[in-house]
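Index from 1, following the sequence. Predicted, not measured: the structure shown is a model, and the values here were computed from it.
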Amino acid sequence: MVQAQPLQHVGNGAGKEDQAYFDPSAPPPFKIANIRAAIPKHCWEKNTLRSLSYVLRDVLVVTALVAAAIGFNSWFFWPLYWPAQGTMFWALFVLGHDCGHGSFSNSPLLNSIVGHILHSSILVPYHGWRISHRTHHQNHGHVEKDESWVPLTEKVYKNLDNMTRMMRFTLPFPIFAYPFYLWSRSPGKEGSHFNPYSNLFSPGERRDVLTSTLCWGIMLSVLLYLSLTMGPLFMLKLYGVPYLIFVMWLDFVTYLHHHGYKQKLPWYRGQEWSYLRGGLTTVDRDYGWINNIHHDIGTHVIHHLFPQIPHYHLIEAVLILYFTRNYCMSAYVI
């Protein structure tokens, strides 16, 4: 366990600030129902047209950047294009991620269609990732059951080959880990996001996983065809480099949301773990003007506790919690 950390509470209206300490060895002094009750009902409402407007916005920006890259096709423009398009690929991923949580719309069919289009376009198997990400949310902070950035036991670490150790623990390799994770998961875990018979999935989920793998294969085939017709170097510049920047964004942000600032976050085992305790060990991050581009994914604690809340209500939900008089709750969640 880590040591207790000071957390500032919102002021009490008398010009003073209360101070409390987060003790990871003790259960939170409130229930998840207390947090849920403090969030207004409208924050849970999904507006399909509004969600689709974000998709339209991002697709238009991606299309405009592609058109500009084809039009200019110069080494002056490419260094400007790559980070911009890679960031937009990341924005598309976040919207597909919302589809996977069901926070995009109330229609499972629409969530699945939009999710497949967005995720397949950036070579992510929609259902395969959706299911493993659900496992992550349901078990965050649990050493044995969590799915993302789980700390390795000494036994697992000692059994890693030198190449795996380097790829996982030596910069900059970990920020390119995502495609490898999709194929073979993390060290110490077995399975693939593309294999319907992987132990990641139940028998009832195999058809969904197969559908997503086929969509992924179609997108890969399209990219290979374009490489043959437009040239592999051109496609590397147009799609390959932005894809790598998208992967960097994904791994970078995922790491930041699940690791502490100056002190390490706690991980739990057995009976000491709970959904609430696990969710409270995620971290909010402020990305400045990027927040709007990647749909406020930095508002991560509330998202982890209640992934059904649409991204455009997350900040409001946090602010309402912050300005309530339940200081103890806001200290944990903010």
Side-chain angles (χ1 to χ4, degrees), residues 53-99 114-126 129 148-149 166-168 170-183 193 215-257 285-298 300 311:
S53 72
Y54 288 106
V55 174
L56 178 61
R57 181 194 77 175
D58 289 357
V59 170
L60 287 176
V61 173
V62 168
T63 303
L65 286 171
V66 168
I70 294 175
F72 286 104
N73 191 19
S74 67
W75 284 106
F76 171 79
F77 183 76
W78 288 116
L80 302 175
Y81 168 80
W82 291 328
Q85 191 70 295
T87 301
M88 291 310 303
F89 281 13
W90 164 236
L92 294 179
F93 175 88
V94 175
L95 291 178
H97 151 275
D98 288 354
C99 293
V114 175
H116 272 97
I117 293 172
L118 295 177
H119 273 190
S120 298
S121 70
I122 48 177
L123 294 178
V124 176
Y126 172 70
W129 180 85
S148 301
W149 294 99
M166 181 182 71
M167 295 297 292
R168 183 178 172 87
T170 305
L171 286 175
F173 302 115
I175 61 175
F176 299 103
Y178 186 68
F180 301 96
Y181 163 72
L182 289 177
W183 277 107
H193 290 75
C215 290
W216 180 92
I218 291 172
M219 181 61 190
L220 182 63
S221 299
V222 169
L223 292 173
L224 291 175
Y225 172 77
L226 292 175
S227 296
L228 292 175
T229 57
M230 303 177 72
L233 178 60
F234 184 79
M235 282 304 297
L236 175 65
K237 293 184 292 184
L238 189 68
Y239 186 92
V241 177
Y243 172 78
L244 288 177
I245 292 175
F246 148 65
V247 169
M248 291 172 61
W249 262 115
L250 194 155
D251 283 321
F252 176 68
V253 169
T254 303
Y255 181 88
L256 287 177
H257 288 166
R285 300 286 187 175
D286 184 3
Y287 299 94
W289 58 274
I290 300 292
N291 287 333
N292 180 263
I293 294 177
H294 68 188
H295 309 293
D296 294 316
I297 194 63
H300 209 69
H311 74 265

Heavy-atom closest pair, residues [X] and [Y]:
{"X": "Y239", "Y": "L123", "result": "OH-CG, 3.6 Å"}
{"X": "P125", "Y": "L182", "result": "CD-CD1, 3.9 Å"}
{"X": "P83", "Y": "T87", "result": "O-OG1, 2.7 Å"}
{"X": "R285", "Y": "L256", "result": "NE-O, 2.9 Å"}
{"X": "H116", "Y": "C215", "result": "CD2-SG, 3.8 Å"}
{"X": "I122", "Y": "L92", "result": "CD1-C, 4.5 Å"}

I need the [X] [atom1] to [Y] [atom2] distance, nearest 0.5 Å.
{"X": "L65", "Y": "L60", "atom1": "CG", "atom2": "CG", "answer": "11.0 Å"}
{"X": "S120", "Y": "L220", "atom1": "OG", "atom2": "CG", "answer": "11.0 Å"}
{"X": "L238", "Y": "M230", "atom1": "CG", "atom2": "CE", "answer": "6.0 Å"}

Residue [X] excluded, over 12 heavy atoms near [atom1] under 6.0 Å:
{"X": "F77", "atom1": "CZ", "result": "yes"}
{"X": "F176", "atom1": "CZ", "result": "yes"}
{"X": "F234", "atom1": "CZ", "result": "yes"}
{"X": "Y287", "atom1": "OH", "result": "yes"}

Worksheet item: Does G288 offer a backbone N or O that forms a donor-acceptor pair with the side chain of N291 under 3.5 Å?
Response: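 Confirmed, N291 side chain pairs with G288 backbone.
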Practice prompt. Measure from the side-chain N and O atoms of W90 to the backbone N and O of L250, and report whether any donor-acceptor pair falls under 3.5 Å.
Written response: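 Pair absent, no side-chain N/O of W90 close to backbone of L250.
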Discussion item. Using the rule side chain to side chain contact (heavy atoms under 4.5 Å, CB included), only one of L56, V62, T63, V61 pairs with V59; which is it?
Written reply: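 Only match with V59 under side chain to side chain contact (heavy atoms under 4.5 Å, CB included): T63.
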Discussion item. Once you measure the plane-to-plane angle for W129 and H119, does it fall in the parallel (<30°), tilted (30-60°) or perpendicular (>60°) bin?
Written reply: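 Taking H119 first and then W129, their aromatic rings stand perpendicular (interplane angle over 60°).
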Worksheet item: Would you call the rings of W78 and Y81 parallel, tilted or perpendicular, where under 30° means parallel and over 60° means perpendicular?
Response: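 W78 and Y81: perpendicular rings.
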Discussion item. Pair M235, L224 - check side-chain contact (heavy atoms from CB on, under 4.5 Å), show working.
Written reply: CA-CA 9 Å; M235 282 304 297; L224 291 175; over 6 Å; no
Within-4.5 Å side-chain heavy-atom neighbours: [X] and [Y]:
{"X": "H300", "Y": "V253", "value": "no"}
{"X": "I245", "Y": "F89", "value": "no"}
{"X": "Y178", "Y": "V124", "value": "yes"}
{"X": "Y243", "Y": "P179", "value": "yes"}
{"X": "V94", "Y": "H311", "value": "no"}

Worksheet item: Would you say the ring centroid of F93 lies under 6.0 angstrom from that of H294?
Response: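 So the answer is no for these two rings.
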Discussion item. Show, in sequence, the C-alpha distance, side-chain angles and deciding distance for K237 and W82, and conclude whether the side-chain contact (heavy atoms from CB on, under 4.5 Å) test is met.
Written reply: CA-CA 8 Å; K237 293 184 292 184; W82 291 328; 4.0 Å; yes
Item to complete: Test I117 against Y126 for side-chain contact (heavy atoms from CB on, under 4.5 Å), laying out the working first.
Response: CA-CA 9 Å; I117 293 172; Y126 172 70; over 6 Å; no
Worksheet item: Given the rule in the side-chain contact (heavy atoms from CB on, under 4.5 Å) test, do Y181 and T254 qualify, once you have shown the distances and angles that lead to the verdict?
Response: CA-CA 13 Å; Y181 163 72; T254 303; over 6 Å; no
